[in-house]
Amino acid sequence: MNMPVTPVAALRLRRLLLFLPVLVLAALVASWFWGGSKNITATLPSISLETLDGDAYSLSPKPGSLRLVELIYTRCPDVCPTTTVKMVQLQKRLKEVNLMGNGIEFLTVSIDPQNDTPDVLRKYANQLGIDAQGWSMLRGDDRSIQTVTSSLGFIASKTEDGFITHTTSTYLVNENNEVIRKFGMGDDFDPEQIYQQLMNLKKEGL
């Protein structure tokens, strides 16, 4: 026999149904925030880019190595240089424990190959204090860069004034070219936090 629904119970039920979509959305956001790094499916494509000396640099999987990848353009007025400066700080910490270039590498990939010539990228590296130990500055043609950005899920679009709007993510890639962590850029890039994560991963044998 069906039990009658009182007005108060009906009101509570209606409120629950109204808030249910909000609760579901909140759960999805929390799941992404707390567990997103475990569910990332992006990869670094196994293609070749070009070093500042014009040599081919393979992005193929590299056994025993973690690679931190930043995608920048040198005319960027804010998050790109801020991220690079913080990576320089992180590089110094990693050199102290003999891991820079010895199990951990940094890759800086230009998303503006027309303007970021080798000379421009060298100047950028010098101004921001990049040490070449374990750190490669890379560029490529439009098609190659599009392959990299698409594979990593990085979105970049040129504006009418010549600047580039882009997502603000850096990527930690394991030896199989899988993205295992995704960090922010600019103020959201925390060298100390990332250093601790790298140390933990190395202790785990990654």
A.B. asks: Can you say whether the rings of Tyr73 and Phe163 are parallel (under 30°), tilted (30 to 60°) or perpendicular (over 60°)?
C.D. replies: perpendicular
A.B. asks: Please name the pair of heavy atoms, one in Leu128 and one in Val88, separated by the smallest distance, quoted to 0.1 Å.
C.D. replies: O-CG2, 3.4 Å
A.B. asks: Between Ser58 and Ser60, is there a donor-acceptor pair closer than 3.5 Å when you use the side chain of the first and the backbone of the second?
C.D. replies: yes
A.B. asks: Using modelled atom types only, decide if a donor and an acceptor are shared between the side chain of Asp53 and the backbone of Asp55 within a distance under 3.5 Å.
C.D. replies: no
A.B. asks: Between Lys182 and Ser169 (side chain of the first, backbone of the second, donor and acceptor by atom type, cut-off under 3.5 Å), is there such a pair?
C.D. replies: no
A.B. asks: Decide whether Arg67 and Asn174 meet the rule of one side-chain donor and one side-chain acceptor closer than 3.5 Å.
C.D. replies: no
A.B. asks: Does the side chain of Leu172 reach to within under 4.5 Å of the side chain of Leu198, using non-hydrogen atoms?
C.D. replies: yes
A.B. asks: List the atom of Cys80, the atom of Leu71, and the distance in Å for their closest heavy-atom pair.
C.D. replies: SG-O, 4.5 Å
A.B. asks: May I ask you to check whether Thr43 and Asn177 show a side-chain donor-acceptor distance below 3.5 Å?
C.D. replies: no
A.B. asks: Using modelled atom types and a 3.5 Å cut-off, is there a donor and acceptor pairing between side-chain atoms of Gln91 and backbone atoms of Asp131?
C.D. replies: yes
A.B. asks: Minimum heavy-atom separation for Val69 and Leu44, please, with both atom names.
C.D. replies: CG2-CD1, 4.4 Å
A.B. asks: Considering non-hydrogen atoms only, spot the tightest contact between Leu49 and Ser144 and give its length.
C.D. replies: CD2-CB, 3.8 Å
A.B. asks: Inspect the contact between Asp112 and Arg139 and indicate whether a charged nitrogen and a carboxylate oxygen are less than 4.0 angstrom apart.
C.D. replies: no
A.B. asks: Do Ile155 and Ile164 share a hydrophobic cluster, counting only Ile, Leu, Val, Met, Phe, Trp and Tyr and linking them when any side-chain heavy atoms are less than 4.5 Å apart?
C.D. replies: no
A.B. asks: Is it the case that the side chain of Lys86 and the backbone of Phe189 share a donor-acceptor pair, with hydrogens and angles ignored and the cut-off at 3.5 Å?
C.D. replies: yes
A.B. asks: Is there a donor-acceptor pair closer than 3.5 Å between any side-chain N or O of Ser136 and the backbone N or O of Leu107?
C.D. replies: no
A.B. asks: Do side-chain atoms of Thr168 reach the backbone of Gly184 as a donor and acceptor pair under 3.5 angstrom?
C.D. replies: no
A.B. asks: Under the 3.5 angstrom rule, does the side chain of Gln133 hit a backbone N or O of Met100 as a donor-acceptor pair?
C.D. replies: yes
A.B. asks: Under the side-chain contact (heavy atoms from CB on, under 4.5 Å) criterion, do Phe154 and Tyr171 qualify, and how do the steps go?
C.D. replies: CA-CA 10 Å; Phe154 187 93; Tyr171 306 87; 3.5 Å; yes
A.B. asks: Can you tell me if Lys62 uses its side chain to pair, donor with acceptor, with the backbone of Asn176 under 3.5 Å?
C.D. replies: no
A.B. asks: Decide side-chain contact (heavy atoms from CB on, under 4.5 Å) for Asn115 and Val120; before the verdict, give the C-alpha distance in whole Å, the side-chain angles of both, and the deciding distance to 0.1 Å.
C.D. replies: CA-CA 8 Å; Asn115 293 292; Val120 169; over 6 Å; no
A.B. asks: Side chains of Tyr124 and Thr84: donor-acceptor distance under 3.5 Å anywhere?
C.D. replies: yes
A.B. asks: Does a donor on one side chain and an acceptor on the other come within less than 3.5 Å for Asp161 and Thr159?
C.D. replies: yes
A.B. asks: Using only heavy-atom distances, determine whether the side chains of Thr108 and Glu70 contain a donor-acceptor pair under 3.5 Å.
C.D. replies: yes
A.B. asks: Give a yes-or-no answer on whether the side chains of Gln196 and Glu192 include a donor-acceptor pair shorter than 3.5 Å.
C.D. replies: yes
A.B. asks: So, Ser151 side chain and Thr147 main chain: donor-acceptor pair closer than 3.5 Å or not?
C.D. replies: no
A.B. asks: Please name the pair of heavy atoms, one in Phe106 and one in Leu94, separated by the smallest distance, quoted to 0.1 Å.
C.D. replies: CZ-CD1, 3.7 Å
A.B. asks: For the CG atom on Asp187, are there more than 12 heavy atoms of other groups (residues, nucleotides or ligands in this structure) within a distance under 6.0 Å?
C.D. replies: no
A.B. asks: Looking only at heavy atoms, what is the nearest atom pair of Leu201 and Arg181, with distance?
C.D. replies: CD2-NH2, 4.0 Å
